[in-house]
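Naming: A, B, ... by sequence-line order, numbering from 1 per chain.
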There are 2 protein chains.
Amino acid sequence: MVLKVRKKVVALPGCPMSKCMNLLGGCWTPEVLWSLSEGPRRFSELRRDSPFISAKVMTSRLRDLEHRGVLTRNVMPTSPPTVEYELTGLGKELLPAIRSIVAVGSRLLLRDSTA
Amino acid sequence: MVLKVRKKVVALPGCPMSKCMNLLGGCWTPEVLWSLSEGPRRFSELRRDSPFISAKVMTSRLRDLEHRGVLTRNVMPTSPPTVEYELTGLGKELLPAIRSIVAVGSRLLLRDSTA
DNA sequence: CGGTATCCAACACGATACTG
DNA sequence: CAGTATCGTGTTGGATACCG
(Lines give C-alpha, C1' and ligand atoms only; values in the text may rest on other atoms or scores of the structure.)
Protein backbone atom coordinates (compact mmCIF):
# COMPACT_ATOMS: atom_id res chain seq x y z
CA MET A 1 0.00 0.00 0.00
CA VAL A 2 1.05 3.48 -0.80
CA LEU A 3 1.54 6.19 1.73
CA LYS A 4 -1.53 8.33 1.53
CA VAL A 5 -2.58 11.70 2.67
CA ARG A 6 -6.26 12.22 2.72
CA LYS A 7 -8.12 15.36 3.10
CA LYS A 8 -11.45 16.64 2.20
CA VAL A 9 -12.24 19.51 0.01
CA VAL A 10 -15.37 21.39 0.71
CA ALA A 11 -16.33 24.23 -1.51
CA LEU A 12 -18.86 26.98 -1.64
CA PRO A 13 -20.78 27.44 -4.86
CA GLY A 14 -20.57 30.79 -6.57
CA CYS A 15 -17.00 31.56 -5.66
CA PRO A 16 -14.35 31.19 -8.34
CA MET A 17 -12.04 29.08 -6.28
CA SER A 18 -14.81 26.69 -5.37
CA LYS A 19 -15.89 26.54 -8.97
CA CYS A 20 -12.49 25.24 -9.87
CA MET A 21 -11.79 23.17 -6.78
CA ASN A 22 -15.09 21.41 -7.28
CA LEU A 23 -13.72 20.18 -10.55
CA LEU A 24 -10.22 19.24 -9.54
CA GLY A 25 -10.55 18.82 -5.80
CA GLY A 26 -11.56 15.19 -5.92
CA CYS A 27 -9.36 12.38 -4.86
CA TRP A 28 -6.77 11.77 -7.57
CA THR A 29 -8.58 14.10 -9.92
CA PRO A 30 -5.53 16.23 -10.73
CA GLU A 31 -3.54 13.11 -11.53
CA VAL A 32 -6.18 11.86 -13.93
CA LEU A 33 -6.46 15.21 -15.65
CA TRP A 34 -2.71 15.39 -15.89
CA SER A 35 -2.58 12.00 -17.55
CA LEU A 36 -5.10 13.19 -20.09
CA SER A 37 -3.43 16.50 -20.71
CA GLU A 38 -1.36 15.26 -23.61
CA GLY A 39 -4.13 13.49 -25.46
CA PRO A 40 -6.77 10.80 -25.19
CA ARG A 41 -6.03 7.76 -23.13
CA ARG A 42 -7.67 4.45 -22.49
CA PHE A 43 -8.87 3.16 -19.18
CA SER A 44 -6.02 0.73 -18.72
CA GLU A 45 -3.49 3.37 -19.68
CA LEU A 46 -4.86 5.66 -17.06
CA ARG A 47 -4.62 2.87 -14.53
CA ARG A 48 -1.03 2.30 -15.50
CA ASP A 49 -0.32 6.00 -15.17
CA SER A 50 -1.59 5.93 -11.61
CA PRO A 51 -1.35 2.37 -10.34
CA PHE A 52 -2.23 3.46 -6.84
CA ILE A 53 -5.74 4.47 -7.83
CA SER A 54 -8.17 1.63 -7.34
CA ALA A 55 -10.38 0.73 -10.27
CA LYS A 56 -13.41 1.76 -8.33
CA VAL A 57 -12.14 5.22 -7.66
CA MET A 58 -10.80 5.61 -11.16
CA THR A 59 -14.19 4.75 -12.55
CA SER A 60 -16.04 7.00 -10.19
CA ARG A 61 -13.63 9.85 -10.88
CA LEU A 62 -14.02 9.42 -14.63
CA ARG A 63 -17.79 9.24 -14.42
CA ASP A 64 -17.82 12.29 -12.27
CA LEU A 65 -15.63 14.28 -14.60
CA GLU A 66 -17.70 13.12 -17.52
CA HIS A 67 -20.91 14.35 -15.92
CA ARG A 68 -19.29 17.66 -15.19
CA GLY A 69 -18.31 18.02 -18.79
CA VAL A 70 -14.59 17.88 -18.15
CA LEU A 71 -13.96 14.87 -20.32
CA THR A 72 -15.67 12.61 -22.83
CA ARG A 73 -15.92 8.86 -22.88
CA ASN A 74 -15.79 7.13 -26.25
CA VAL A 75 -16.58 3.45 -26.46
CA MET A 76 -15.09 1.87 -29.57
CA PRO A 77 -17.05 -1.15 -30.81
CA THR A 78 -14.08 -3.49 -30.99
CA SER A 79 -14.15 -7.11 -29.98
CA PRO A 80 -12.25 -6.50 -26.78
CA PRO A 81 -13.99 -3.33 -25.73
CA THR A 82 -11.90 -0.19 -26.01
CA VAL A 83 -12.75 3.00 -24.20
CA GLU A 84 -11.02 6.28 -24.70
CA TYR A 85 -11.19 9.28 -22.47
CA GLU A 86 -10.45 12.74 -23.71
CA LEU A 87 -10.52 16.20 -22.23
CA THR A 88 -13.21 18.56 -23.43
CA GLY A 89 -12.72 22.28 -23.87
CA LEU A 90 -13.73 22.73 -20.28
CA GLY A 91 -11.21 20.12 -19.22
CA LYS A 92 -8.49 21.89 -21.11
CA GLU A 93 -9.33 25.10 -19.34
CA LEU A 94 -8.35 23.44 -16.10
CA LEU A 95 -4.88 22.63 -17.33
CA PRO A 96 -3.29 26.00 -16.51
CA ALA A 97 -4.26 25.54 -12.89
CA ILE A 98 -2.90 22.02 -12.90
CA ARG A 99 0.31 23.14 -14.55
CA SER A 100 0.72 25.77 -11.88
CA ILE A 101 0.24 23.17 -9.23
CA VAL A 102 2.82 20.93 -10.83
CA ALA A 103 5.22 23.81 -11.31
CA VAL A 104 4.99 24.87 -7.70
CA GLY A 105 5.30 21.29 -6.56
CA SER A 106 8.43 20.84 -8.64
CA ARG A 107 10.01 23.90 -7.11
CA LEU A 108 9.18 22.62 -3.67
CA LEU A 109 10.74 19.26 -4.43
CA LEU A 110 13.90 20.91 -5.65
CA ARG A 111 14.02 23.04 -2.57
CA ASP A 112 13.72 19.93 -0.44
CA SER A 113 16.53 18.08 -2.10
CA THR A 114 18.69 21.18 -2.13
CA ALA A 115 18.17 21.94 1.53
CA MET B 1 -25.93 24.85 6.62
CA VAL B 2 -24.05 25.45 3.47
CA LEU B 3 -24.19 23.28 0.42
CA LYS B 4 -21.09 21.21 0.48
CA VAL B 5 -19.13 19.12 -1.87
CA ARG B 6 -16.73 16.79 -0.24
CA LYS B 7 -13.99 14.89 -1.77
CA LYS B 8 -10.83 13.37 -0.64
CA VAL B 9 -7.41 14.13 -1.89
CA VAL B 10 -4.90 11.38 -1.81
CA ALA B 11 -1.42 12.08 -2.94
CA LEU B 12 1.73 10.24 -3.66
CA PRO B 13 4.95 11.54 -2.17
CA GLY B 14 7.77 12.34 -4.53
CA CYS B 15 5.65 13.59 -7.35
CA PRO B 16 5.44 17.32 -7.93
CA MET B 17 1.72 17.48 -8.01
CA SER B 18 1.39 15.57 -4.79
CA LYS B 19 3.96 17.79 -3.22
CA CYS B 20 1.77 20.75 -3.89
CA MET B 21 -1.61 19.13 -3.40
CA ASN B 22 -0.46 17.90 -0.05
CA LEU B 23 -0.12 21.51 0.92
CA LEU B 24 -3.25 22.97 -0.59
CA GLY B 25 -5.44 19.94 -1.03
CA GLY B 26 -6.93 20.05 2.43
CA CYS B 27 -10.44 21.05 3.16
CA TRP B 28 -10.75 24.83 2.86
CA THR B 29 -6.99 25.15 2.63
CA PRO B 30 -7.04 27.22 -0.54
CA GLU B 31 -9.56 29.58 1.00
CA VAL B 32 -7.40 30.11 4.07
CA LEU B 33 -4.29 30.68 2.02
CA TRP B 34 -6.20 33.08 -0.18
CA SER B 35 -7.32 35.06 2.85
CA LEU B 36 -3.73 35.32 3.96
CA SER B 37 -2.39 36.21 0.56
CA GLU B 38 -2.63 39.93 1.11
CA GLY B 39 -1.05 40.04 4.51
CA PRO B 40 -1.23 38.71 8.06
CA ARG B 41 -4.64 38.09 9.54
CA ARG B 42 -6.00 37.20 12.93
CA PHE B 43 -7.95 34.11 13.80
CA SER B 44 -11.27 35.90 14.00
CA GLU B 45 -10.62 37.69 10.75
CA LEU B 46 -10.00 34.40 9.05
CA ARG B 47 -13.21 33.09 10.50
CA ARG B 48 -15.05 36.10 9.18
CA ASP B 49 -13.49 35.61 5.78
CA SER B 50 -14.86 32.09 5.66
CA PRO B 51 -17.78 31.89 8.06
CA PHE B 52 -18.67 28.43 6.82
CA ILE B 53 -15.50 26.92 8.23
CA SER B 54 -16.03 25.63 11.74
CA ALA B 55 -13.59 26.75 14.40
CA LYS B 56 -12.37 23.24 14.79
CA VAL B 57 -11.52 22.84 11.15
CA MET B 58 -10.01 26.29 10.96
CA THR B 59 -7.76 25.50 13.87
CA SER B 60 -6.73 22.16 12.51
CA ARG B 61 -6.07 23.63 9.10
CA LEU B 62 -3.94 26.40 10.56
CA ARG B 63 -1.98 23.99 12.76
CA ASP B 64 -1.43 21.76 9.83
CA LEU B 65 -0.19 24.54 7.62
CA GLU B 66 1.99 25.79 10.41
CA HIS B 67 3.64 22.40 10.82
CA ARG B 68 4.22 22.19 7.12
CA GLY B 69 5.93 25.54 7.18
CA VAL B 70 3.34 27.29 5.06
CA LEU B 71 2.47 29.90 7.64
CA THR B 72 3.59 31.22 11.01
CA ARG B 73 1.55 31.76 14.11
CA ASN B 74 2.39 34.78 16.25
CA VAL B 75 0.81 35.10 19.65
CA MET B 76 0.81 38.70 20.88
CA PRO B 77 0.89 39.01 24.67
CA THR B 78 -2.11 41.31 24.91
CA SER B 79 -4.79 41.10 27.54
CA PRO B 80 -7.35 39.66 25.20
CA PRO B 81 -5.06 37.28 23.41
CA THR B 82 -4.28 38.20 19.83
CA VAL B 83 -2.94 35.74 17.33
CA GLU B 84 -1.73 36.58 13.90
CA TYR B 85 -1.16 34.21 11.05
CA GLU B 86 1.15 35.02 8.21
CA LEU B 87 2.37 33.22 5.13
CA THR B 88 5.98 32.12 5.06
CA GLY B 89 8.12 32.10 1.96
CA LEU B 90 6.91 28.61 1.28
CA GLY B 91 3.35 29.75 1.67
CA LYS B 92 3.89 32.53 -0.81
CA GLU B 93 5.26 30.06 -3.30
CA LEU B 94 1.88 28.41 -3.33
CA LEU B 95 0.09 31.58 -4.34
CA PRO B 96 0.68 31.26 -8.08
CA ALA B 97 -1.09 27.93 -8.07
CA ILE B 98 -3.93 29.39 -6.07
CA ARG B 99 -4.17 32.37 -8.38
CA SER B 100 -4.38 30.01 -11.32
CA ILE B 101 -7.15 28.14 -9.64
CA VAL B 102 -9.04 31.33 -8.97
CA ALA B 103 -8.45 32.56 -12.52
CA VAL B 104 -9.72 29.37 -14.06
CA GLY B 105 -12.67 29.35 -11.71
CA SER B 106 -13.56 32.88 -12.67
CA ARG B 107 -13.51 32.01 -16.32
CA LEU B 108 -15.75 29.05 -15.67
CA LEU B 109 -18.19 31.20 -13.77
CA LEU B 110 -18.31 33.72 -16.58
CA ARG B 111 -18.88 30.93 -19.05
CA ASP B 112 -21.78 29.69 -16.96
CA SER B 113 -23.51 33.03 -16.77
CA THR B 114 -22.86 33.68 -20.44
CA ALA B 115 -24.22 30.36 -21.59
C1' DC C 1 -10.73 -5.07 -21.76
C1' DG C 2 -13.40 -2.20 -18.94
C1' DG C 3 -15.85 -2.09 -15.79
C1' DT C 4 -19.77 -2.94 -11.53
C1' DA C 5 -21.48 -4.60 -6.78
C1' DT C 6 -20.71 -5.34 -2.07
C1' DC C 7 -18.68 -4.96 2.32
C1' DC C 8 -15.81 -2.42 5.48
C1' DA C 9 -13.14 0.64 8.15
C1' DA C 10 -11.21 5.26 8.45
C1' DC C 11 -11.55 9.66 8.73
C1' DA C 12 -12.81 14.18 9.02
C1' DC C 13 -16.42 17.24 9.71
C1' DG C 14 -20.21 19.78 12.55
C1' DA C 15 -22.07 20.91 16.90
C1' DT C 16 -21.62 21.66 21.54
C1' DA C 17 -19.55 22.84 25.72
C1' DC C 18 -15.71 24.42 28.25
C1' DT C 19 -11.07 27.29 29.11
C1' DG C 20 -7.17 30.86 29.99
C1' DC D 1 -10.25 36.47 21.88
C1' DA D 2 -8.57 32.11 20.53
C1' DG D 3 -8.90 28.17 21.06
C1' DT D 4 -9.48 22.63 22.89
C1' DA D 5 -12.13 18.24 23.99
C1' DT D 6 -15.63 15.17 22.99
C1' DC D 7 -19.31 13.01 20.62
C1' DG D 8 -21.83 11.56 16.83
C1' DT D 9 -22.31 11.14 11.96
C1' DG D 10 -21.63 10.32 7.00
C1' DT D 11 -18.93 10.08 3.04
C1' DT D 12 -15.42 7.87 0.79
C1' DG D 13 -11.95 4.89 -0.59
C1' DG D 14 -9.67 -0.01 -0.50
C1' DA D 15 -10.28 -4.80 -1.32
C1' DT D 16 -12.46 -8.45 -3.39
C1' DA D 17 -15.22 -10.83 -6.50
C1' DC D 18 -17.83 -11.02 -10.52
C1' DC D 19 -19.75 -9.67 -15.63
C1' DG D 20 -20.31 -8.67 -20.85
Side-chain angles (χ1 to χ4, degrees), chain A residues 1-12 18 21-22 24-32 35-36 40-67 71-86, chain B residues 1-12 18 21-22 24-32 35-36 40-67 71-86:
Chain A
M1 187 106 51
V2 174
L3 170 64
K4 285 163 300 181
V5 181
R6 292 176 180 164
K7 293 156 220 163
K8 295 193 179 180
V9 176
V10 183
L12 191 67
S18 305
M21 288 306 283
N22 272 338
L24 55 78
C27 181
W28 301 117
T29 304
E31 279 80 0
V32 174
S35 289
L36 287 171
R41 285 185 93 66
R42 296 172 52 190
F43 187 82
S44 50
E45 292 177 315
L46 291 172
R47 294 221 60 196
R48 247 170 277 133
D49 287 341
S50 316
F52 28 79
I53 310 185
S54 67
K56 177 190 170 184
V57 172
M58 179 66 86
T59 303
S60 104
R61 221 47 43 177
L62 290 170
R63 290 279 182 275
D64 213 54
L65 292 169
E66 187 191 358
H67 289 147
L71 52 80
T72 55
R73 177 171 179 268
N74 302 313
V75 185
M76 336 276 285
T78 52
S79 54
T82 301
V83 181
E84 248 189 17
Y85 293 91
E86 185 171 11
Chain B
M1 186 104 53
V2 174
L3 170 64
K4 286 163 299 184
V5 181
R6 291 177 179 165
K7 294 155 218 164
K8 294 195 180 179
V9 176
V10 183
L12 193 67
S18 304
M21 287 307 282
N22 272 338
L24 56 76
C27 180
W28 301 116
T29 304
E31 278 80 359
V32 174
S35 289
L36 287 171
R41 285 183 93 65
R42 295 171 51 189
F43 187 81
S44 50
E45 292 178 314
L46 291 172
R47 293 221 60 197
R48 248 170 277 132
D49 287 342
S50 316
F52 29 78
I53 310 184
S54 67
K56 179 190 170 184
V57 172
M58 179 66 84
T59 303
S60 104
R61 219 50 43 183
L62 289 170
R63 290 278 183 276
D64 212 55
L65 292 169
E66 187 191 358
H67 290 146
L71 51 81
T72 55
R73 177 173 179 268
N74 302 314
V75 184
M76 337 274 286
T78 52
S79 55
T82 301
V83 182
E84 249 189 16
Y85 293 90
E86 186 171 11

Integer-rounded Å distance: [N] [atom2] and [X] [atom1]:
X: B:F43; N: D:dT4; atom1: CZ; atom2: C1'; answer: 10 Å
X: B:D64; N: D:dT4; atom1: CG; atom2: P; answer: 13 Å
X: B:Y85; N: D:dG3; atom1: OH; atom2: P; answer: 3 Å
X: A:E45; N: C:dG3; atom1: CD; atom2: P; answer: 13 Å
X: A:I53; N: D:dA15; atom1: CD1; atom2: P; answer: 13 Å
X: B:L62; N: D:dC1; atom1: CG; atom2: C1'; answer: 14 Å
X: A:M76; N: C:dC1; atom1: CE; atom2: C1'; answer: 13 Å

Would you say the side-chain atoms of A:T78 pair up with the backbone N or O of A:P80, donor to acceptor, closer than 3.5 Å?
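Pair found, side chain donor or acceptor close to backbone of A:P80.
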
D:dA2 OP1/OP2 closer than 4.0 Å to side-chain N/O of B:R42
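Indeed, a polar side-chain atom of B:R42 lies that close.
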
Short side-chain N/O contact from B:R47 to OP1 or OP2 of D:dG3, under 4.0 Å
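No, outside the criterion.
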
Earlier contact from the 5' end, DNA chain D, for B:R48 and B:S60:
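Here B:R48 is the residue nearer the 5' end.
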
Compare the minimum distances between each of [options] and the side chain of [X], then state the nucleotide with the smallest one.
X: B:S44; options: D:dA2, D:dG14, C:dG14; value: D:dA2
X: B:P80; options: D:dC1, C:dC1, D:dG3; value: D:dC1
X: B:P81; options: D:dG3, C:dG2, D:dC1; value: D:dC1
X: A:S54; options: C:dG3, D:dA2, D:dG14; value: D:dG14
X: B:R73; options: D:dG13, C:dG3, D:dA2; value: D:dA2
X: B:R63; options: D:dG3, C:dG2, D:dT6; value: D:dG3
X: A:V83; options: C:dG14, D:dG14, C:dG3; value: C:dG3
X: A:K56; options: C:dC1, D:dA2, C:dC7; value: C:dC7

Hey, does A:N74 have a side-chain heavy atom less than 4.5 Å from the side chain of A:E86?
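Heavy-atom side-chain distance check passes, below 4.5 Å.
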
Measuring from B:L36:CG to B:E45:CD, what's the distance to the nearest 0.5 Å?
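Between B:L36 CG and B:E45 CD, I get 9.5 Å after rounding to 0.5 Å.
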
With rounding to the nearest 0.5 angstrom, report the CG to OG1 distance, B:L62 to B:T72.
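Atom-to-atom, B:L62:CG and B:T72:OG1 are 11.0 Å apart.
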
May I ask you to say what A:T82 touches in the nucleic acid, namely base, sugar-phosphate or nothing, with a heavy-atom cut-off under 4.0 Å?
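Sugar-phosphate: the residue A:T82, judged by heavy atoms under 4.0 Å, touches backbone atoms but no base.
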
